[in-house]
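Heads up: the structure comes next, in structure tokens.
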Amino acid sequence: MPLSTCPDHNALAPVLVMDSGVGGLSIAHHIRQRCARHPLLYLADNGAFPYGDKEEGWLVDRVVTLALTLIRRYPVRLLVLGCNTASTVVLPALRDALAIPVVGVVPAIKPAALASRTAHIGLLATPGTVKRTYTDRLIDAHAPHCRVTRVGSTDVVQLAEDKLAGRGVDLQRLQAAVAPLFDQPDLDTVVLGCTHFPLLLDELQQIQPREIRWVDSGAAVSRRVAELIDYQPRLNDDLAAIGQDTAFVTAPVLAGSQLAVSFARSGFNSVEQLGL
């Protein structure tokens, strides 16, 4: 049975998860299991996919504008920025702009450093995340004793999108993308620093050359969501109509397309295009 730590009186409070594509669906899955009575809104900014190669100032403006657009339309009680790349850049501005709690998803450097027996960990993320100053600070704060091998890849993001849409994963292509990690013989723990990447955990384990721990942030994020939403005020009865998990997009999505299939597989059968 799903684990729910959320109180019944907040059963109608919607949680909004935002990402550029389907990666944040891995976060939405954890939230749905832990807080099953809360409707979920999911925004895929497919009009700007992927975020990993975007300029920082542009990304801040884009994400804040999208969040405000949805929150003005729906009584969102908590926002999860389900993207490591955006979280390392946008969180301060987003928290300044919104009057609701905002939970970010950042690379799980701390638990990886604690789990590693060799003090050599890997970070598999988007090119933007691996080079951010924010990531440098996480490593300095939580893994100063570790060697950290960083690999930035947009190819792995696309492979995850393909899998969620029901297509097979090209293991040779995946192998080539993560080879710099596997080439380090004493590396024993890898941070999945993009919310897309847990979707490929089975395939990563298939191709790993030795035992490797794969660490992501999904469970920790869902625990934080449950803690924060406990303290949100009770909603009015007139919000009872918000009962269906709904996905929003910023560019057209054709029926039967990769994105439409991904939403349906993740329990989002209602999809609306967001007018900006």
Side-chain angles (χ1 to χ4, degrees), residues 18-27 44-63 66 81-94 104-110 112-113 120-143 146-164 169-184 187 189-201 203-204 207-208 212 214-218 250 258-259:
M18 295 179 60
D19 192 8
S20 62
V22 300
L25 292 174
S26 66
I27 299 294
D45 186 10
N46 59 322
F49 175 84
Y51 280 166
D53 58 4
K54 299 300 188 293
E55 188 272 328
E56 291 189 8
W58 183 93
L59 190 57
V60 169
D61 291 342
R62 176 78 174 189
V63 173
L66 287 172
L81 190 52
C83 172
N84 287 267
T85 298
S87 293
T88 59
V89 177
V90 182
L91 281 179
L94 202 53
V105 181
V106 298
I109 299 294
K110 183 177 180 179
H120 187 177
I121 66 177
L123 172 61
L124 180 63
T126 63
T129 295
V130 298
K131 66 183 181 182
R132 300 285 185 214
T133 301
Y134 189 98
T135 303
D136 295 337
R137 291 200 297 265
L138 282 176
I139 293 170
D140 290 343
H142 302 299
C146 289
R147 179 184 173 196
V148 182
T149 297
R150 309 188 199 194
V151 172
S153 174
T154 55
D155 208 24
V156 181
V157 176
Q158 188 58 59
L159 288 171
E161 296 252 339
D162 290 346
K163 179 180 179 179
L164 197 55
V169 176
D170 185 336
L171 294 183
Q172 289 187 336
R173 188 174 160 196
L174 182 61
Q175 173 79 41
V178 301
L181 297 173
F182 292 163
D183 289 345
Q184 304 294 323
L187 185 151
T189 304
V190 176
V191 177
L192 297 175
C194 171
T195 51
H196 282 76
F197 295 171
L199 301 170
L200 294 171
L201 181 58
E203 288 76 14
L204 288 166
I207 65 173
Q208 65 186 29
I212 292 177
W214 303 91
V215 182
D216 72 84
S217 304
T250 57
Q258 173 179 321
L259 196 53

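Predicted model only: the values in this text are computed from it and were never measured.
Residues meeting the salt bridge (charged side-chain N to carboxylate O under 4.0 Å, His left out) test with E203, sequence neighbours left out: K163.
Side-chain contact of H120 with T149: a donor-acceptor pair under 3.5 Å is present, judged by distance alone. Judged by distance alone, the side chains of D45 and Y51 do bring a donor and an acceptor atom under 3.5 Å apart. Side chains of T85 and T126: a donor on one and an acceptor on the other come within 3.5 Å.
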Yes or no on side-chain contact (heavy atoms from CB on, under 4.5 Å) for E56 and T88, after CA distance, side-chain angles and deciding distance?
CA-CA 10 Å; E56 291 189 8; T88 59; over 6 Å; no
Given the rule in the side-chain contact (heavy atoms from CB on, under 4.5 Å) test, do D216 and F197 qualify, once you have shown the distances and angles that lead to the verdict?
CA-CA 9 Å; D216 72 84; F197 295 171; over 6 Å; no
Please lay out, stage by stage, how Y134 and V106 fare under the test side-chain contact (heavy atoms from CB on, under 4.5 Å).
CA-CA 9 Å; Y134 189 98; V106 298; 3.5 Å; yes
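Of the residues listed (L123, N84, V130), the one engaging T135 in a side chain to side chain contact (heavy atoms under 4.5 Å, CB included) is L123, and it is the only one. V178 pairs with exactly one of V151, V190, L204 by the side chain to side chain contact (heavy atoms under 4.5 Å, CB included) rule, that one being L204.
In this structure, I207 and F182 have side chains that are in contact, with non-hydrogen atoms separated by less than 4.5 Å. Within the 4.5 Å cutoff, the side chain of F49 has heavy atoms near those of the V157 side chain. Using a 4.5 Å heavy-atom cutoff, the side chains of R147 and Q184 are in contact. At least one side-chain heavy atom of L59 sits less than 4.5 Å from a side-chain heavy atom of V90. Using a 4.5 Å cut-off on side-chain heavy atoms (C-beta onward), R132 and R137 make no contact. The shortest distance between side-chain heavy atoms of I121 and L187 does not fall below 4.5 Å. A heavy-atom distance below 4.5 Å is found between the side chains of R173 and D162. Side-chain contact check for T154 versus P127: some heavy-atom pair is nearer than 4.5 Å.
Between G47 and T250 the shortest heavy-atom distance is N-OG1, 2.8 Å. Of all non-hydrogen atoms in V215 and A108, the two that sit nearest each other are CG1-CB, 3.8 Å. Across all non-hydrogen atoms, the minimal contact from S217 to P107 is OG-C, 4.4 Å. Closest of all the heavy-atom pairs between C83 and D19 is CB-OD1, 3.2 Å. Across G21 and E161, no two heavy atoms sit closer than the pair CA-OE2, 3.6 Å. Across every non-hydrogen atom of L138 and I109, the tightest pair is O-CG2, 4.0 Å.
Counting non-hydrogen atoms of other residues, nucleotides and ligands closer than 6.0 Å to CD of Q172 gives a total of 12 or fewer.
Salt bridge absent: K54 and D61 never bring a charged side-chain N and a carboxylate O closer than 4.0 Å.
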